[in-house]
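First up is the structure itself, then whatever we jot down about it.
Note that the structure is a prediction, hence the values are computed from the model and not measured. Numbered from 1 within each chain, the chains take letters A, B, ... in sequence-line order.
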Amino acid sequence: MRYWLMKSEPDEVSFDDVLAAPKQTVAWYGVRNYQARNFMRDGMSVGDGILFYHSSCAVPGVAGIAEVASSPYPDATQFDAASHYHDPKATQENPRWISVDVRALEAGRFLPLTEMRGIAALDDMVLLQKGSRLSISPVTAAQWNAIVKLLREGKR
DNA sequence: GCCAACGTTGGC
DNA sequence: GCCAACGTTGGC
C-alpha cells in the first residue's frame with residue numbers, strides 16, 4: 001500500500017466531479033510526463049491512497065481522498081487525433097502513455113496549499129519542493145496520516 | 001499576465 | 001552527448 005498525490009485542474013476534473021461520476025470513478029488520462037507516468041506504471045497498485053489536489057486555480061490545495069481503482073492501461077486519448085492529448089508517436093502496439101482509474105472516497109474539508117506550507121510534518125513533501133511540478137508524486141505514510149487528519153478536522 | 005523552474009526537442 | 005531554444009507548469 002502506497003500513497004500518492006495527483007493534481008487535477010478543477011476546471012477540467014474537480015474532486016466533486018469524481019464524486020458525482022458513476023461508481024465515483026474516472027479514468028485518469030492526459031499524463032504526458034515520463035516521471036509521472038512511471039509512477040503510475042511501476043508504483044501504483046489497486047487500493048493505494050490518493051490525495052486529490054486542485055492546481056492552476058484560485059485556491060490550490062488538497063480537495064479530497066481517493067484510491068487507485070484499476071491496474072494501469074493505455075491512455076485512450078493518445079490515439080485520438082481530435083484530442084488535445086493526442087500523441088502521433090504512440091501506436092496501439094506501442095502505447096506511450098497510460099491511465100489508471102481513480103475512485104473518490106471522502107471529501108473532508110479543503111486543505112489549501114498555503115496552509116500545507118506551514119506544517120512542519122509536510123516540509124519534505126515532493127509537492128512542496130521548490131520548482132516541483134510533477135502531476136503525480138509519492139507521499140509518505142507520515143505525510144498521508146498528517147493530511148488525512150487535517151482533512152477530517154472539518155467536514156464539508 | 002508574469003515569471004521561475006523544469007522537461008523536451010533537435011541541430012550539431 | 002551537448003546544449004540552446006522552446007514549450008509547459010503552476011503559484012502568485
Side-chain donor-acceptor contacts of residues 88-96 of chain A below 3.5 Å, not counting sequence neighbours, with atom names and distances?
residue, atom, partner, partner atom, Å
A:Thr91, OG1, A:Asn94, N, 2.8
A:Arg96, NH1, A:Tyr34, OH, 3.2

Enumerate donor-acceptor pairs with a distance under 3.5 Å from any side-chain N or O in residues 57-71 of chain A to protein atoms, sequence neighbours excluded.
residue, atom, partner, partner atom, Å
A:Glu67, OE2, A:Arg103, NH1, 2.6
A:Ser70, OG, A:Asp101, N, 2.8

Side-chain atoms of residues 46-54 of chain A: list all donor-acceptor pairs with protein atoms under 3.5 Å, sequence neighbours left out, distances to 0.1 Å.
residue, atom, partner, partner atom, Å
A:Asp48, OD1, A:Arg2, N, 3.0
A:Asp48, OD2, A:Trp4, NE1, 2.9
A:Asp48, OD2, A:Ser45, N, 3.0
A:His54, NE2, A:Phe15, N, 3.0

Only distances under 3.5 Å count here; give the side-chain donor-acceptor pairs of residues 123-130 of chain A to other protein atoms, sequence neighbours excluded, each with its distance to 0.1 Å.
residue, atom, partner, partner atom, Å
A:Gln129, NE2, A:Asp123, O, 2.9
A:Gln129, NE2, A:Met125, O, 2.7

Do nucleotides 7-12 of chain C as a string where each nucleotide becomes B, S or -: B if the base has a protein heavy atom under 4.0 Å, S if just the sugar-phosphate does, - if no protein is that close. BBBBS-

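Residues satisfying the side chain to side chain donor-acceptor pair (under 3.5 Å) test with A:Ser55, not counting sequence neighbours, are none.
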